[in-house]
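Just below is one structure, and these are the notes that go with it.
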Amino acid sequence: MGNNIKEKINNIDFVKNYKRMWPYIKPYWFRALMAILICIPIGSLDAIIALSLKPYMDIVMVDKSIQSPWYIPIGIVIFTCLQGFLNYLATYLNTWVGGKITCALKMDLYKKLLTFETTFFDSRKSGDIIYRFNKDADQACSGLLNNIKTFTSRLFSSISLMAVLIYNSWQLSIIAITVLGCAFLPLAKIRERIKDVMNKSVAAGSQIITIYNETYSGNKTISSYNLEKIQTNKFQKILNNIFNFQIKIIQRTSWLSPMMHVIVSIGIGAAIGYGSHLIVTKAITSGNFVSFITALIMLYTPIKNLGNNLNDVQFSFMAIDRIFGMLNKKPAIKNYENCIEMKKLVKTIEYKKVSFKYGAKLPNVLENINFKIQAGTTTAFVGNSGGGKTTLVNLLPRFYDITEGEILFDGINIKEYSLTSLRQNIAVVFQDNFLFSGTIRENILLGNQKATEEEIRTAIKMACLEEFIDSLEKGLETEIGERGIRLSGGQKQRVAIARAFLKNAPIVILDEATSALDNKAEAVVQKAIDNLMMDKTVFVIAHRLSTIQNADKIIVVNQGHIVEEGTHNELLNIENGAYKTLYNAQFKNQEATV
């Protein structure tokens, strides 16, 4: 799926893939086994029709006996009905087992998705994620069980039909089986011809999902900038790519079925030609011949259409390979061995010679960062855009891991703490907080699922949400829509702050929490933030310097380096200092606005 997730699958070992799937099949092995066993008589019953034609032809059509074997056509109907019922039962069991396996796979994939670090999501599109963690599971399970059902029924159908062939004429059977072997020869090369095109087709499929997601999330931007034509052209280009890949797959596989038809026709023609000679020489009866030809046609028919099913088989096994490639992938950020639980309140936080870059071949975003703060203080980070402020605080909850140096809580490297306990002690309020679909109550409770009504009401009051919620007809039970679309920017921020209140973490990170708000909304949210900051160790990334003048320490970060640090007054006293320059520029802008 694009350069990020395209995988080169050099070998798709069918047996290995089935072994990989066994842990998911195991809980339902009895039903899965029953589905397979039922396929044995389904396939074997094919031989009944062909076999019954010999006595019928010899007695009625050749001997013209008035004692017609009436039981033969009735028997054919009965066996066909039985075959149909068994086929339904096998399909039902396959679907039931397949649904259970698909659910289990999707659950494991989703759990795996939640373990991945921020860089995993940074490097992938939403369509890639949805395709790999959802559609691949559907495709893998569907193909796996259908392949077992088809293979089992056709295997025993072939065995029983070949037994009928040999029973009727061993001479003609040699011709039939030789042609059958020749028919399978083209399959050896077909996988290599379509492997690359299938990968590209999957990538294009994920792009379709991505553009739908972007259209949903960016509908206002599309409308405001009149991007309908650009988006339409973009979508059309993707559709053209998908169409071209489909045509390429057809070009590389569609010759298979016609070739099978030709080979099978040769086999049938040879059997008819030589069979006529055997009838004339009385080596076989007419009944033998008709029974043989019927069995031969029933044996060859699935083989003629084999090419049409090959694409689905390939997609299924490639999906299985991608799934287990992802399940076996190790998260870059994880718990270290013998990690400890972070239980006590932190007294000091220290960045010691910290450097960071987003990729091995990329330059450092942060370079040799050193500072130490005390618990219960507020530290503000300011500086030019892109200087590394947000990256610096994102290292604290280990959204990213540092490249060099250490971050220490009371002298202990944060990597020694379990991720869960570390993050439980840190609350983050972002500039654009993510709210989940559901109610206001459900989003606030994400801070603490066990919170009491009294604690919820306190959090609402401290987040300055009381008046707003009381004005709603359904109050806390109000649905807010996907990503909180029904709330204003200030309301969303205050819901996020209430969530942080319930979490009651000793460390709070405020990442430009008011920079996207107007003055009125900012004043309300700032009051809520002031409440949240009480008795906490606070890290503030500030765009508006007026909001951080009372911070215990202000650190100026430019181009990945700390260039100044001190209190507001101390930094203003530095002649031509970076902070003073920023402050004066912002103050002049405010005067100009007034």
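- Each of Leu37, Ile38, Ile36, Leu33 was scored for a side chain to side chain contact (heavy atoms under 4.5 Å, CB included) with Leu93, with one residue passing: Ile38.
- Side-chain atoms of Ile414 and Leu396, non-hydrogen and from C-beta on, never get closer than 4.5 Å to each other.
- For the side chain to side chain contact (heavy atoms under 4.5 Å, CB included) with Gln231, the lone residue among Glu228, Lys234, Lys229 that qualifies is Lys234.
- When atom types are taken as modelled, the side chain of Arg398 and the backbone of Leu422 share no donor-acceptor pair closer than 3.5 angstrom.
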Please walk me through it: do Val97 and Trp29 pass side-chain contact (heavy atoms from CB on, under 4.5 Å)? CA-CA 9 Å; Val97 174; Trp29 70 269; over 6 Å; no
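- No more than 12 heavy atoms of other residues, nucleotides or ligands shown are found within 6.0 angstrom of NZ on Lys135.
- Tyr358 pairs with exactly one of Asp122, Thr118, Thr391 by the side-chain hydrogen bond (donor to acceptor under 3.5 Å, both in side chains) rule, that one being Thr391.
- Legend: residues meeting side chain to side chain donor-acceptor pair (under 3.5 Å) with Asn448, ordered by chain and number and at least two apart, are absent.
- Looking only at atom types and distance, the side chain of Tyr92 has no donor-acceptor partner in the side chain of Asn87 under 3.5 Å away.
- A donor-acceptor pair under 3.5 Å is absent between the side-chain atoms of Arg322 and the main chain of Arg132, judged by distance alone.
- Between the side chains of Ser418 and Glu341, at least one donor N or O sits under 3.5 Å from an acceptor N or O.
- Within the 3.5 Å criterion, the main-chain N or O of Pro397 finds a donor-acceptor partner in the side chain of Arg423.
- Salt bridge status for Arg486 with Glu479: absent, with no side-chain N to carboxylate O gap under 4.0 Å.
- Under the 4.5 Å side-chain criterion, counting only non-hydrogen atoms from C-beta, Phe120 is in contact with Ile129.
- The backbone N or O of Leu165 lies less than 3.5 Å from a partner atom in the side chain of Ser173, making a donor-acceptor pair.
- With a 4.5 Å cut-off on side-chain heavy atoms, Tyr400 and Glu117 do not count as touching.
- Note that the CD1 atom of Ile238 and the CG atom of Asn233 stand 11.5 Å from one another [nearest 0.5 Å].
- Here Phe133 and Tyr131 keep their ring centres 6.0 angstrom or further from each other.
- Across all non-hydrogen atoms, the minimal contact from Leu476 to Thr439 is O-CB, 3.6 Å.
- The line from OG1 of Thr95 to NZ of Lys100 is 13.5 Å long, rounded to the nearest 0.5 Å.
- Closest approach of Ile497 to Val429, counting heavy atoms only: CG1-CG1, 4.2 Å.
- With rounding to the nearest 0.5 Å, the separation of CD1 in Ile323 from NZ in Lys112 is 14.0 Å.
- Between the CD1 atom of Ile25 and the CD1 atom of Ile101 there is a distance of 4.5 Å, given to the nearest 0.5 Å.
- The minimum heavy-atom distance between Ala459 and Phe501, with the atom names listed, is CB-CB, 3.9 Å.
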Going through the distances and angles, do Asn443 and Ile440 end up as a side-chain contact (heavy atoms from CB on, under 4.5 Å)? CA-CA 5 Å; Asn443 273 276; Ile440 295 175; 5.9 Å; no
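- One finds no salt bridge joining Arg499 and Glu442 here, because no Lys/Arg side-chain nitrogen approaches an Asp/Glu carboxylate oxygen to under 4.0 Å.
- The CG atom of Leu392 sits 10.5 Å away from atom CD1 of Ile402, with the distance rounded to the nearest 0.5 Å.
- Heavy atoms only, all atoms of each residue included: Ala137 and Leu109 are closest at CB-CD1, 4.3 Å.
- Of all the heavy atoms in Phe430 and Gln493, the pair that sits closest is O-NE2, 3.2 Å.
- Here the shortest heavy-atom pairing between Leu465 and Arg494 reads CD1-O, 3.5 Å.
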Passes side-chain contact (heavy atoms from CB on, under 4.5 Å), Asp138 versus Asn134? Steps please. CA-CA 7 Å; Asp138 291 325; Asn134 185 61; 4.3 Å; yes
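- A side-chain donor from one of Tyr24 and Asp108 sits under 3.5 Å from a side-chain acceptor of the other.
- You'll find the ring centres of Tyr28 and Phe30 outside the 6.0 Å limit.
- Distance CG/Leu113 to NZ/Lys106: 13.5 Å, rounded to 0.5 Å.
- For Arg124 and Phe121, the positive end is not near the middle of the six-membered ring at less than 6.0 Å and at most 45° from its axis.
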Return a table of donor-acceptor pairs under 3.5 angstrom between the side chains of residues 324-338 and protein atoms on other chains or two or more places apart.
{"from": "Asn328", "atom 1": "ND2", "to": "Phe324", "atom 2": "O", "distance (Å)": "2.9"}
{"from": "Asn335", "atom 1": "OD1", "to": "Leu419", "atom 2": "N", "distance (Å)": "2.7"}

side-chain contact (heavy atoms from CB on, under 4.5 Å) between Asn241 and Leu239, worked out: CA-CA 5 Å; Asn241 285 338; Leu239 289 179; over 6 Å; no
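- In this pair, Phe436 and Phe434 present their aromatic rings perpendicular. The plane angle is above 60°, beyond the 30 to 60° band.
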